[in-house]
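Written below as structure tokens is the structure these notes are about.
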Amino acid sequence: MTLQFSQRTAPCAPFTLRLSRKPLVSLFALTFSYLLVTPVMAAAPASSSVMLEELTSTELRSRIDHGATTVLVPIGGVEQSGPYIALGKHNVRAGMLAKQIAQKLGNTIVAPVVSYVPEGAISPPAGHMRFAGTISIPPAAFEAVLEGAAASLRQHGFRDIIFLGDHGGYQKNEQNVANKLNRAWGKASSAKDARAYALLDYYDITQSAYVAELQKRGHSSAEIGLHAGLADAALMLATDPSLVRSEAMAHGPKPGVADGVRGDATRATAELGQIGIKLQVDTSVAAIRQLLQRNQ
């Protein structure tokens, strides 16, 4: 900034203040650039999320130390569900429902969704592998993944490790792993060592009480279906409707067994799906509480 006085000689002549533009522009540019590059140093609060992947290692350590020693391992899968339901339905459902279950239980963490699961023979292709997008791994590899994940979680201090399988095809594999781990951990010297569980109730309720509820509302077994029918589509609409091609389903051709579908999803709604979601969450929470109480 420079001050320039008038050259007038009249007595008591007023003076004028003239500001040079160049210094002002430079000062503004410097201030603006400082604001752009200076980080905001506000302290970030510790996350209250129940999802392991959303926590820092330090946050997780603190949560375990303060009693969050139960962990859910949601298991999904990548498989075809006909032309109107996306390939990742099991992954999305398993993750979202596990989160709801953990929030209701309290002191519970949700591990990452196990997405690679057995889906049948690859060559020659069988079952869902006959349709584009399905990914299958050998049962032994799947069981090894569950074993490694559970052993890792135990190492960090989790004491109740619970498998939640969203697909019917690998329920026995979950049981095999839980039994194997418990035999091995039962030989450990610690009296308060970890336990593994295959929570079959989580899946079984969708094949029993949920089907009965849909039938009460006038839906036949053929419509409800065994795969990609009304039950599947309704559950998906209740968790993530973007994964259901509702418009195409309403106006397109009706798929059948040759298209990878066993059922009729045309009348599926999110409201019908919420019935199943509530059954799965409430049943799982009650079953887990019983397990934890039994093993205290």
Side-chain angles (χ1 to χ4, degrees), residues 70-81 85 87-102 104-105 108 110-120 127-128 134-137 139 142-143 145-146 149-150 160-179 181 196-215 221 224-240 243 262-263 265 268 272-291:
T70 299
V71 61
L72 309 180
V73 181
I75 308 168
V78 180
E79 67 173 23
Q80 71 83 26
S81 286
I85 302 177
L87 290 153
K89 72 173 187 186
H90 284 306
N91 294 332
V92 172
R93 289 206 309 238
M96 291 184 71
L97 268 64
K99 180 178 181 179
Q100 292 182 36
I101 292 166
K104 282 202 168 190
L105 285 170
T108 302
V110 180
V113 176
V114 178
S115 301
Y116 295 94
V117 306
E119 291 283 2
H128 296 306
T134 303
I135 298 175
S136 185
I137 65 170
F142 172 66
E143 292 189 9
V145 168
L146 295 187
D160 295 287
I161 300 163
I162 302 166
F163 300 129
L164 297 178
D166 204 68
H167 185 304
Y170 47 64
Q171 300 292 307
K172 280 190 175 182
N173 301 104
E174 293 175 51
Q175 286 182 294
N176 292 342
V177 173
N179 292 339
L181 291 173
Y197 311 91
L199 196 73
L200 305 187
D201 292 357
Y202 168 87
Y203 174 78
D204 288 346
I205 200 72
T206 65
Q207 309 301 303
S208 54
Y210 181 40
V211 171
E213 288 295 328
L214 293 175
Q215 288 173 335
S221 297
I224 294 166
L226 298 175
H227 182 73
L230 181 136
D232 246 354
L235 289 170
M236 202 67 254
L237 287 169
T239 47
D240 188 347
L243 298 188
R262 298 181 70 183
L272 290 174
Q274 285 295 344
I275 296 168
I277 297 301
K278 187 175 189 307
L279 280 169
Q280 280 190 279
V281 172
D282 290 350
T283 299
S284 298
V285 168
I288 292 170
R289 283 177 176 159
Q290 282 189 339
L291 288 174

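What you see below is based on every heavy atom in this structure, not just the backbone, and it leaves out hydrogens, waters and symmetry mates.
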TODO: Look up atom CG in Leu199 and atom CD1 in Ile288, then write down how far apart they are to the nearest 0.5 Å.
DONE: 5.0 Å
Task: Distance (rounded to the nearest 0.5 Å) between Arg262 CZ and Ser81 OG - done: 13.0 Å
Open item on the list: For the CG atom of Asn173 and the CZ atom of Phe142, what is their distance to the nearest 0.5 Å?
Closed with: 5.5 Å
Task: By salt bridge (charged side-chain N to carboxylate O under 4.0 Å, His left out) - contacts of Asp282 (at least two apart) - done: Lys104, Lys278
Task: pair Pro74-Leu97: side-chain heavy atoms closer than 4.5 Å - done: no
Task: Matching residue for Asp160 among Thr70, Thr108, Val71 - test: side chain to side chain contact (heavy atoms under 4.5 Å, CB included) - done: Thr70
TODO: Not counting sequence neighbours, which residues clear side chain to side chain donor-acceptor pair (under 3.5 Å) with Gln215? List them please.
DONE: Ser221
Task: Salt-bridge present (Arg93, Asp232; N to O < 4.0 Å) - done: yes
Task: side chain to side chain donor-acceptor pair (under 3.5 Å) partners of Ser136, counting only residues at least two apart - done: none
Task: Contact summary for Ala228 and Ile85, nearest pair of heavy atoms - done: CA-CD1, 4.1 Å
Open item on the list: Are the side chains of Leu146 and Ile75 in contact, using a 4.5 Å heavy-atom criterion?
Closed with: yes
TODO: Quick one: closest heavy-atom pair of Leu181 and Ala196, and the distance?
DONE: CD1-CB, 4.0 Å
Open item on the list: Measuring from atom OH of Tyr116 to atom CD1 of Ile137, what distance do you get when rounded to the nearest 0.5 angstrom?
Closed with: 9.5 Å
- [ ] Mind listing the closest non-hydrogen atom pair of Ile161 and Ala150 along with its distance?
- [x] CD1-O, 3.4 Å
TODO: State which residues pass side-chain contact (heavy atoms from CB on, under 4.5 Å) with Asp201; sequence neighbours excluded, sorted by chain then number.
DONE: Thr283, Ala287
Task: Residues that Leu87 engages under side-chain contact (heavy atoms from CB on, under 4.5 Å), provided they are two or more places apart - done: Val78, Gln80
Open item on the list: Tell me every residue that passes side-chain contact (heavy atoms from CB on, under 4.5 Å) with Gln207, counting only those two or more places apart in sequence or in another chain.
Closed with: Tyr203
TODO: Search all heavy atoms of Ala98 against all heavy atoms of Leu72 and return the closest pair with its distance.
DONE: O-CD1, 3.5 Å
Open item on the list: Does any part of the side chain of Tyr202, heavy atoms only, come nearer than 4.5 Å to the side chain of Ile101, both counted from C-beta?
Closed with: yes
Task: CD1 on Ile275 to CD on Gln280, rounded to 0.5 Å - done: 13.0 Å
Open item on the list: My understanding is that only residues two or more places apart in sequence, or in another chain, count here; which of them pass side-chain contact (heavy atoms from CB on, under 4.5 Å) with Ala268?
Closed with: Leu230, Ala233, Ala234, Leu237
Open item on the list: Please find the pair of heavy atoms, one from Gly77 and one from Asn91, that lie closest to each other, and give the distance.
Closed with: N-OD1, 2.8 Å
Task: Any residue meeting ring-ring contact (aromatic ring centres under 6.0 Å, His included) with His167, in chain and number order, not counting sequence neighbours - done: His90, Tyr170
Task: Check against side chain to side chain contact (heavy atoms under 4.5 Å, CB included), Val92 and Leu243 - done: CA-CA 9 Å; Val92 172; Leu243 298 188; 3.5 Å; yes
- [ ] Hey, could you give me the CG/CG distance between Leu235 and Asp240, rounded to the nearest 0.5 Å?
- [x] 13.0 Å
- [ ] Report the residues that fulfil side chain to side chain donor-acceptor pair (under 3.5 Å) with Glu174, sequence neighbours left out, ordered by chain and then residue number.
- [x] Gln171
TODO: Please report the shortest heavy-atom distance between Val211 and Ile224, naming the atom on each side.
DONE: O-CD1, 3.9 Å
Task: Residue list, salt bridge (charged side-chain N to carboxylate O under 4.0 Å, His left out) with Glu119, at least two apart or on another chain - done: none
